Amino acid sequence: MVLFLLAIVCLSHIASLSSAKHLVNGMVGLEGHVARQREVARFLSHPVQASNFSNSDEVQRLRASRAADVRKGFVHAWNAYRKYAFGADEINPLTLEPVTTRNGWGASLIDALDTLYVMGLDDEFKEAAERVSRINFDKNDGEPSKVFETSIRYIGGLISAYELSGNRMFLKQATSLADIMLEAFDTSTGIPWQMWDVQT
């Protein structure tokens, strides 16, 4: 329920951004956007790491080794996705075939954006961003879309990519999808539909 409420807050935030007003510390528009980017830069200048453990050489080597293993595992999975299912929602790990499970817009692609960025996989991030820029949210696989999943995976992934990279294309795509989703929130109770049809 908490995640669902957060998704609703995200949609409200995107709706306010679509009117080209960005408010930070009382500043609107470009000044507010620049102020927000400064806040993001300050946040990113401090690594997101725990600080209450030993910093001995042995522990540092162990942590570096584990981080390298995680990165290696991610790169392996990403390369398979890129080779066999790039742009699809998922890849079937047994058959290596693309699978549509979340509207056909590329759920895994958008889910991976922040990880690509944080891991410093710049070429892969640029390639993924170019593919994301071509997604047309007005069309899907013909199946009804899940409001909750679309909010957290697509809109959440796009907003995360925007916050990390500052690339406004991600914000534009998130706003485009949020505008389409607004009809799912136009109910007599104010509680959004569980499913909605993108193409109607």
Side-chain angles (χ1 to χ4, degrees), residues 1-22 74 77-78 80-118 124-165 167-200:
M1 186 62 171
V2 171
L3 284 176
F4 185 70
L5 292 174
L6 285 174
I8 291 172
V9 169
C10 284
L11 285 172
S12 299
H13 180 66
I14 289 172
S16 69
L17 290 177
S18 68
S19 64
K21 292 186 177 180
H22 200 111
F74 177 83
W78 176 258
Y81 171 75
R82 184 176 169 269
K83 181 176 181 180
Y84 299 106
F86 193 63
D89 289 336
E90 297 175 6
I91 180 173
N92 182 317
L94 299 177
T95 65
L96 300 179
E97 294 174 331
V99 181
T100 298
T101 58
R102 299 284 183 267
N103 308 313
W105 295 322
S108 290
L109 177 71
I110 292 175
D111 276 345
L113 289 169
D114 55 355
T115 304
L116 290 167
Y117 190 90
V118 168
E124 292 84 349
F125 181 80
K126 287 176 188 170
E127 182 182 34
E130 194 282 323
R131 176 66 182 90
V132 168
S133 72
R134 294 186 281 124
I135 296 173
N136 179 359
F137 291 113
D138 288 322
K139 298 181 179 180
N140 70 352
D141 61 356
E143 295 293 319
S145 300
K146 295 178 180 176
V147 174
F148 176 74
E149 289 286 332
T150 303
S151 298
I152 64 169
R153 292 189 74 180
Y154 286 106
I155 294 177
L158 290 165
I159 291 173
S160 294
Y162 165 68
E163 287 291 335
L164 287 167
S165 70
N167 184 337
R168 293 190 63 82
M169 175 276 297
F170 295 119
L171 185 60
K172 180 182 174 197
Q173 286 290 68
T175 302
S176 171
L177 179 55
D179 287 345
I180 294 166
M181 285 185 68
L182 285 176
E183 67 180 342
F185 291 82
D186 186 17
T187 64
S188 60
T189 64
I191 298 172
W193 296 106
Q194 178 184 2
M195 308 286 280
W196 106 102
D197 189 345
V198 173
Q199 297 176 356
T200 58

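Note that the structure is a prediction, hence the values are computed from the model and not measured.
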- Note on the structure: Note: Ala88 and Pro98 closest approach over all heavy atoms is CB-CB, 3.6 Å
- Asn167 side-chain N/O to Tyr162 backbone N/O, donor-acceptor pair under 3.5 Å: no
- Task: Side-chain contact test, heavy atoms from C-beta onward, threshold under 4.5 Å: evaluate it for Glu149 versus Arg153 and give yes or no.
- Result: yes
- Indicate the ring-plane relationship of Trp78 and Tyr81, choosing parallel, tilted or perpendicular according to the 30° and 60° boundaries. tilted
- Taking only Lys NZ, Arg NE, NH1 and NH2, and the carboxylate oxygens of Asp or Glu, determine whether Glu124 and Arg82 approach each other closer than 4.0 Å. no
- Item | Salt bridge Glu130-Lys126, side-chain N to carboxylate O under 4.0 Å | no
- Item | Straight-line distance of Asn136 CG to Gln173 CD, nearest 0.5 Å | 8.5 Å
- Taking the side chain as every heavy atom from C-beta outward, state whether Thr175 and Leu171 have any pair of such atoms under 4.5 Å apart. yes
- Would a 4.5 Å heavy-atom cut-off, applied to side chains only, mark Asp89 and Val99 as touching? no
- 4.5 Å side-chain heavy-atom contact, Ile135 and Ile110: yes
- Mark yes or no for whether Tyr117, through its side chain, and Leu164, through its backbone, hold a donor-acceptor pair below 3.5 Å. yes
- For the student: nearest non-hydrogen atoms of Met195 and Pro144, plus distance: CE-O, 3.7 Å
- Looking only at non-hydrogen atoms, find the nearest pair between Arg131 and Leu109 and report the distance. CG-CD2, 3.5 Å
- Query: Counting only N and O atoms by type, is there a donor-acceptor contact under 3.5 Å from the side chain of Ser176 to the main-chain atoms of Lys172?
  - Reply: no
- Query: Can you name the closest pair of heavy atoms from Ser145 and Trp105 and give their distance?
  - Reply: OG-CH2, 4.3 Å
- Query: Which pair of heavy atoms, one from Ala129 and one from Leu113, lies closest together, and at what distance?
  - Reply: N-CD2, 4.4 Å
- Does any non-hydrogen side-chain atom of Gln194 lie less than 4.5 Å from one of Lys146? no
- About how many Å separate CG of Asn103 and OG1 of Thr150, when rounded to the nearest 0.5 Å? 4.5 Å
- Message: Quick check: closest heavy atoms across Pro192 and Val147, and the distance to 0.1 Å?
- Response: CB-CG1, 4.4 Å
- Task: Kindly compute the distance separating CD1 (Ile91) from CG (Leu96), expressed to the nearest 0.5 Å.
- Result: 5.0 Å
- Query: Would a 4.5 Å heavy-atom cut-off, applied to side chains only, mark Phe74 and Leu116 as touching?
  - Reply: yes
- Query: Sub-3.5 Å donor-acceptor pair from the side chain of Tyr154 to the main-chain atoms of Ala107, do we have one?
  - Reply: yes
